[in-house]
Chemist: 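Pasting a structure here, questions to come.
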Amino acid sequence: MTNYDKINAEFVRSFAHYKDIFPAREDEYCLLGRSNVGKSSFLNHVFNRKHLAKVSKTPGKTSLANYFRLSNNIIWVDLPGYGYAKVNGKEKQRWSRLISDYCEKRKGLQGVIWLLDIRHPGTKIDKEAWMWLRTLDIPVLPVLTKCDKLSKNNAASNGKKYREIFHFTFEPVMYSIVDSGSRERFWKAFYSWRERSGCDK
């Protein structure tokens with residue numbers, strides 16, 4: 001039985017532009033989500049590491065493609081958040097190009113871990129992201145973050161709304177960084193998703 005607390009990750013390197021990223025040698029999975037969805041907090045919690053990723057209350061903290069090598073010989077790539085961030089237009093364009101180039105061109109990309117705020121089902125920007133993701137024909141694992149911000153009933157209700165709006169092919173993972181059980185639920189879902197998507201070869 002897998003000891004999920006023993007799955008570790010180490011930071012490798014950051015990239016500002018897709019052209020600078022080294023060739024893919026291992027299976028890669030990217031983390032995608034709108035600004036302030038909690039990607040950095042999720043990374044720290046899921047690997048049980050307090051300072052693996054920098055956390056900020058200001059949207060747009062992640063501005064680069066950050067590479068992490070996991071102890072199970074795969075790579076996670078934390079991409080910049082899409083949507084609102086207090087940066088200039090040129091910088092937003094760079095983020096957008098980095099995200100699109102990586103997801104559309106990366107041959108080693110096996111799947112997208114898509115983080116969504118449980119409190120806001122069906123936002124315009126998430127719907128637009130979903131329409132784009134569907135054109136890529138890449139497996140998507142949805143993770144509904146910040147579940148502790150709602151009551152259990154409201155979280156369950158919003159989870160249902162997400163499923164109705166997006167028609168996910170894989171059941172979303174309900175996640176809270178104040179619930180240690182979320183870590184095990186995620187890893188079980190992640191490995192099941194890899195197997196079902198044909199990524200775990």
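These figures come from a predicted structure and were not determined experimentally. Side chains included, hydrogens not; waters and symmetry mates left out as well; all remaining heavy atoms used.
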Chemist: Heavy-atom distance under 4.5 Å between the side chains of L31 and W114, does that happen here?
Modeler: no
Chemist: Any non-hydrogen side-chain atom of L116 less than 4.5 Å from a side-chain atom of T145?
Modeler: no
Chemist: Would you kindly confirm whether M131 and L141 end up in one hydrophobic cluster when ILVMFWY residues are joined by side chain heavy atoms under 4.5 Å apart?
Modeler: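 No, it is not one cluster - the side chains of M131 and L141 are not joined through contacts under 4.5 Å.
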Chemist: I118 and L150: side chain to side chain contact (heavy atoms under 4.5 Å, CB included), yes or no, with the steps?
Modeler: CA-CA 8 Å; I118 185 71; L150 298 176; 4.0 Å; yes
Chemist: Checking K39 side chain against L79 main chain: does a donor-acceptor pair fall under 3.5 Å?
Modeler: yes
Chemist: Are W193 and Y29 close enough that their ring centers fall under 6.0 Å?
Modeler: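 Yes.
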Chemist: Under the 3.5 angstrom rule, does the side chain of W130 hit a backbone N or O of F166 as a donor-acceptor pair?
Modeler: yes
Chemist: State, to 0.1 Å, how close A189 and V173 come at their nearest heavy-atom pair, and which atoms those are.
Modeler: CB-CG2, 3.5 Å
Chemist: Identify the two heavy atoms, one from P121 and one from N158, that lie closest to each other, and give their separation to 0.1 Å.
Modeler: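 Scanning both residues, the minimum pair turns out to be CD-ND2, 3.8 Å.
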Chemist: Within the side chain of S192, is there an N or O that forms a donor-acceptor pair under 3.5 Å with the backbone of K188?
Modeler: no
Chemist: Checking S157 against N154 for the side-chain hydrogen bond (donor to acceptor under 3.5 Å, both in side chains) test, could you report, in this order, the C-alpha distance in whole Å, the side-chain angles of both residues, the deciding distance, and whether it holds?
Modeler: CA-CA 5 Å; S157 176; N154 286 340; 5.8 Å; no
Chemist: Taking only Lys NZ, Arg NE, NH1 and NH2, and the carboxylate oxygens of Asp or Glu, determine whether R34 and D117 approach each other closer than 4.0 Å.
Modeler: yes
Chemist: Taking all heavy atoms of I165 and all of G122, pick out the closest pair and write down the distance.
Modeler: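 So the two residues come closest at CD1-CA, 3.8 Å.
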Chemist: Please test N66 against V77 for side chain to side chain contact (heavy atoms under 4.5 Å, CB included), starting from the C-alpha separation and ending with a verdict.
Modeler: CA-CA 5 Å; N66 296 314; V77 183; over 6 Å; no
Chemist: Test your reading of the model: is there a side-chain donor-acceptor pair from N44 to the backbone of K50, 3.5 Å cut-off?
Modeler: yes
Chemist: Of the non-hydrogen atoms in L98 and A16, which two are nearest, and what is the gap between them?
Modeler: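 Closest heavy-atom pair between L98 and A16: CD2-O, 3.8 Å.
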Chemist: Might you point out which heavy atoms bring L109 and C30 nearest each other, and give the distance in Å?
Modeler: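 Distance-wise, the nearest heavy atoms are CD1-N, 3.8 Å.
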Chemist: Answer yes or no: is there a side-chain heavy-atom contact under 4.5 Å between R106 and I21?
Modeler: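 In short, these two side chains touch, coming nearer than 4.5 Å.
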Chemist: Taking C-beta and beyond as the side chain, do F68 and I74 meet within less than 4.5 Å on heavy atoms?
Modeler: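 A side-chain contact is absent here, since even the closest heavy-atom pair is not under 4.5 Å.
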Chemist: Do NZ/NE/NH1/NH2 and the carboxylate oxygens of E104 and R97 come within less than 4.0 Å?
Modeler: no
Chemist: Is there a donor-acceptor pair closer than 3.5 Å between any side-chain N or O of D101 and the backbone N or O of Y18?
Modeler: no
Chemist: Can you confirm whether more than 12 heavy atoms, excluding those of R134, are under 6.0 Å from its CZ atom?
Modeler: no
Chemist: Kindly indicate whether the side chain of P172, heavy atoms from C-beta on, has any atom under 4.5 Å from the side chain of V143.
Modeler: no
Chemist: Below 30° counts as parallel, above 60° as perpendicular, anything between as tilted: where do the rings of Y162 and F168 land?
Modeler: parallel
Chemist: Is it the case that the side chain of R13 and the backbone of Y67 share a donor-acceptor pair, with hydrogens and angles ignored and the cut-off at 3.5 Å?
Modeler: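 No, the answer is negative, given that no donor and acceptor are paired below the 3.5 Å cut-off.
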Chemist: Are R94 and L64 close enough, and set up right, to give a side chain to side chain contact (heavy atoms under 4.5 Å, CB included), and what steps lead you there?
Modeler: CA-CA 9 Å; R94 181 185 66 78; L64 306 170; 4.0 Å; yes
Chemist: Can you find a heavy atom in the side chain of L32 that is under 4.5 Å from one in the side chain of I113?
Modeler: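 A side-chain contact under 4.5 Å is absent here.
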Chemist: Can any side-chain N or O of S182 pair as donor or acceptor with the backbone N or O of S176 at less than 3.5 Å?
Modeler: yes
Chemist: Looking only at heavy atoms, which two atoms of H45 and R183 are closest? And how far apart?
Modeler: O-NE, 2.7 Å
Chemist: If we ignore hydrogens and angles and just use 3.5 Å, is the side chain of T135 paired with the main-chain N or O of W132 as donor and acceptor?
Modeler: yes
Chemist: Going by the angle between their ring planes, with limits at 30° and 60°, are F42 and W76 parallel, tilted or perpendicular?
Modeler: parallel
Chemist: Strictly by modelled atom types, are S71 and N8 linked by a side-chain donor-acceptor pair under 3.5 Å?
Modeler: no
Chemist: Ignoring hydrogens and angles, tell me if any N or O in the side chain of R69 forms a donor-acceptor pair with the backbone of F11 under 3.5 Å.
Modeler: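 Not a single qualifying donor-acceptor pair exists.
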Chemist: Does R49 reach the main-chain N or O of A9 with its side chain, forming a donor-acceptor pair under 3.5 Å?
Modeler: yes
Chemist: Could you tell me if the side chain of F186 sits less than 4.5 Å from the side chain of Y175, heavy atoms only?
Modeler: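 Touching, per the 4.5 Å side-chain cut-off.
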Chemist: Mind running side chain to side chain contact (heavy atoms under 4.5 Å, CB included) on I138 and L133 for me, showing each step along the way?
Modeler: CA-CA 7 Å; I138 299 174; L133 283 171; over 6 Å; no
Chemist: Under the rule for ring-ring contact (aromatic ring centres under 6.0 Å, His included), what residues qualify as partners of Y102, not counting sequence neighbours?
Modeler: none
Chemist: Should R119 and K146 count as side-chain neighbours, where that means a heavy-atom distance under 4.5 Å?
Modeler: yes
Chemist: Between the side chains of R194 and D27, is the shortest nitrogen-to-carboxylate-oxygen separation below 4.0 Å, so that they form an ion pair?
Modeler: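 A salt bridge links D27 with R194.
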